[in-house]
Amino acid sequence: MAQILDGKALSKQIRAEIQKDVEILISKGITPRLSVILIGNDPASVTYTNMKKKACERIGMISDLIVFPENATQEEVENKIEELNKDISVHGIMVQHPVPKHLDELSILSKVDIKKDVDGISSHSLGNLCLDTQDYVSCTPFGIITMLEKYGIEIQGKRAVVVGRSIILGKPVALYLLQKNATVTICHSKTKDLPSIVKEADIVVAAIGKPEFIKGEWIKKGAVVVDAGYNKVPGRDKDVGDVEFEEAEKVASWITPVPGGVGPMTITMLLYQTVLGAKKYGTARIH
Ligand code: NAP
C-alpha cells in the first residue's frame, strides 16, 4: 500500500515557518501583501480566491481580493494591474485563472510586474524555467516539487510522465522536473497509447481535469503518483482527482490524496513567494 504524500500536514509546517518570516518583516515595518484579482463569479474560482485570502490573513499577511464583473474589459483589468504594480505596499499580484473567454489572458498576465509575479505564470517566469534560472515559479509545480523533495523522493534520473500541458500546470511542472534532472515525457489529449506511457513512469503527474481518468492498472509497481486534478462529480459528495486513487494506492509507493495533497501546497507556495517578494523588494513604511 502506498504511503501518503500529505500536502496538508506539510503545508502546516511550511506555513508556520513563513509566519515567522512575516513577523520579522512586520517588525521592520513591512507587512507582506498579496492582491488577488478575480474576474467573474465562477464558483471554483470564488472558492480558491477566498481560500487564498484566508490563508494570507491566518499568517499575518494582508490580502486584497479585487473582484471584477464577468463583463469587465481588458482595459479595466490591465489598468488595475498597472495601479497595483506601482503600489509599493503590494508585494504580490495574482490573477485567478481562468479569466472569462472574451479577455486575452496572456496579455493580462504579462502586465504583472515580474517583481510581483508571485504566482509565477507570466511569460517571463515561464521563460525563466526554460532557461533553468529561477525567480518565481508557477505555484502548483513549485508545490509539487517541494513536496517530493521534502518527502525525500529522488527526482534525478527518474522517468517522469506528466499528463496535461496547460501553461499553469502541465508545462511548468514538466520543465521543473527537467530542471531537477528527471527524464520527462509530456502527454496530452492527442497522445497515443497513454496507458503504456504511464506504465513506464517512476513519477506520474496527473494534470488533466478529468475525474479518475488515470487507472490504477496503468501505474507501475512502486511509482510515485502526484494527482493535481480536482474534480467535482455530480452525485458524489467528495471531490476526486484525476487518478483512480483506491486502485493506484495498491501499486504506488507514494501517492497524493485529493483533497489534501497538491491543493494546500499550491497556496503555501503563493504565500512563500509573496513573502519572498516582500523580503527582496519590500519598502518599510515611513512613520
Ligand atoms: P487544462 O488547462 O484544462 O488542461 C488540461 C490538460 O489535460 C490539457 O493539456 C489537455 O490536453 C490534457 N488532456 C485532456 N484530456 C486528455 C486525455 N484524454 N488524455 C491526455 N491528456 C488530456 O487544465 P489545468 O488548468 O491544467 O488543470 C488540470 C487539473 O488540475 C484540473 O482538475 C484543475 O482543477 C487542477 N488544478 C489543481 C490545482 C491545485 O492547486 N491543486 C491548480 C491548478 C489546476 P490538450 O492540451 O491536448 O488539450
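We count ligands from 1, going down the list as the structure has it; atoms in each ligand are counted the same way.
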For the 3.5 Å polar cut-off, considering only N or O atoms, please tell me whether Tyr230 and ligand 1 meet it.
yes
Numbering the atoms of ligand 1 from 1, which are under 4.0 Å from a heavy atom of Ala207?
5 (C), 6 (C), 7 (O), 28 (C)
Per-atom contacts, ligand 1 versus Thr140 - under 4.0 Å to a heavy atom
40 (O), 42 (C)
Atoms of ligand 1 under 4.0 Å from any heavy atom of Gly209, numbered from 1 in the order shown, are 28 (C), 29 (C), 31 (C), 32 (O)
So do the side chains of Val95 and Ile81 get within less than 4.5 Å of each other, counting heavy atoms only?
yes
Indicate whether any N or O donor in one side chain lies under 3.5 Å from an N or O acceptor in the other, for Ser125 and Asn128.
no
Is Ala228 in polar range of ligand 1, meaning some N or O pair under 3.5 Å apart?
yes
Polar proximity ligand 1 side, Thr266 side, N/O cut 3.5 Å exclusive:
yes
Does the N or O separation between Ser166 and ligand 1 drop below 3.5 Å for any pair?
yes
In terms of side-chain heavy atoms, does Ser122 have a donor or acceptor partner in Ser110 at a distance below 3.5 Å?
no
If you scan protein heavy atoms around atom 12 (C) of ligand 1, the nearest is Gly164 CA, 4.0 Å
Atoms of ligand 1 close to Ile168 [distance to a heavy atom under 4.0 angstrom, numbered from 1]:
25 (O), 43 (C)
Do Lys150 and Gln13 get their side chains close enough for a donor-acceptor pair, meaning under 3.5 Å?
no
Between Ser107 and Glu78, is any side-chain donor less than 3.5 angstrom from a side-chain acceptor?
yes
A student checking ligand 1 against Phe213 at a 4.0 Å heavy-atom cut-off should list atoms 17 (C), 18 (N), 19 (N)
Give the numbers and elements of all ligand 1 atoms closer than 4.0 Å to a heavy atom of Val163.
20 (C), 21 (N)
Can you find a pair of side-chain heavy atoms, one from Met94 and one from Lys52, that are under 4.5 Å apart?
yes
What atoms of ligand 1 come closer than 4.0 angstrom to any heavy atom of Lys210?
15 (N), 18 (N)
Distance from atom 46 (O) of ligand 1 to nearest protein heavy atom, with residue and atom
Arg165 NE, 2.7 Å
With no hydrogens and no angle check, just 3.5 Å: does a side-chain donor-acceptor pair link Arg15 and Thr268?
yes
Between Glu149 and Lys180, does any NZ, NE, NH1 or NH2 come within less than 4.0 Å of an OD or OE carboxylate oxygen?
yes
So, Asn231 versus Asp239: side-chain donor-acceptor pair below 3.5 Å or not?
no
Polar side-chain atom of Lys116 near backbone of Asn85 as donor-acceptor pair, under 3.5 Å:
yes
Note: heavy atom closest to atom 47 (O) of ligand 1, options Pro141, Gly263, Ser189, belongs to Ser189
Using 4.0 Å as the upper bound for N to carboxylate O, is an ion pair formed by Lys86 and Glu83?
no
re atom 3 (O) of ligand 1, the protein heavy-atom contact at minimum distance is Ile208 O, 4.3 Å
Asn231: numbered ligand 1 atoms lying under 4.0 Å from its heavy atoms
32 (O)
Among protein heavy atoms, which sits nearest to atom 44 (C) of ligand 1, and what does the distance come to when rounded to 0.1 Å?
Leu169 CD2, 3.6 Å
Shortest protein contact, atom 20 (C) of ligand 1 (heavy atom only)
His188 O, 3.0 Å
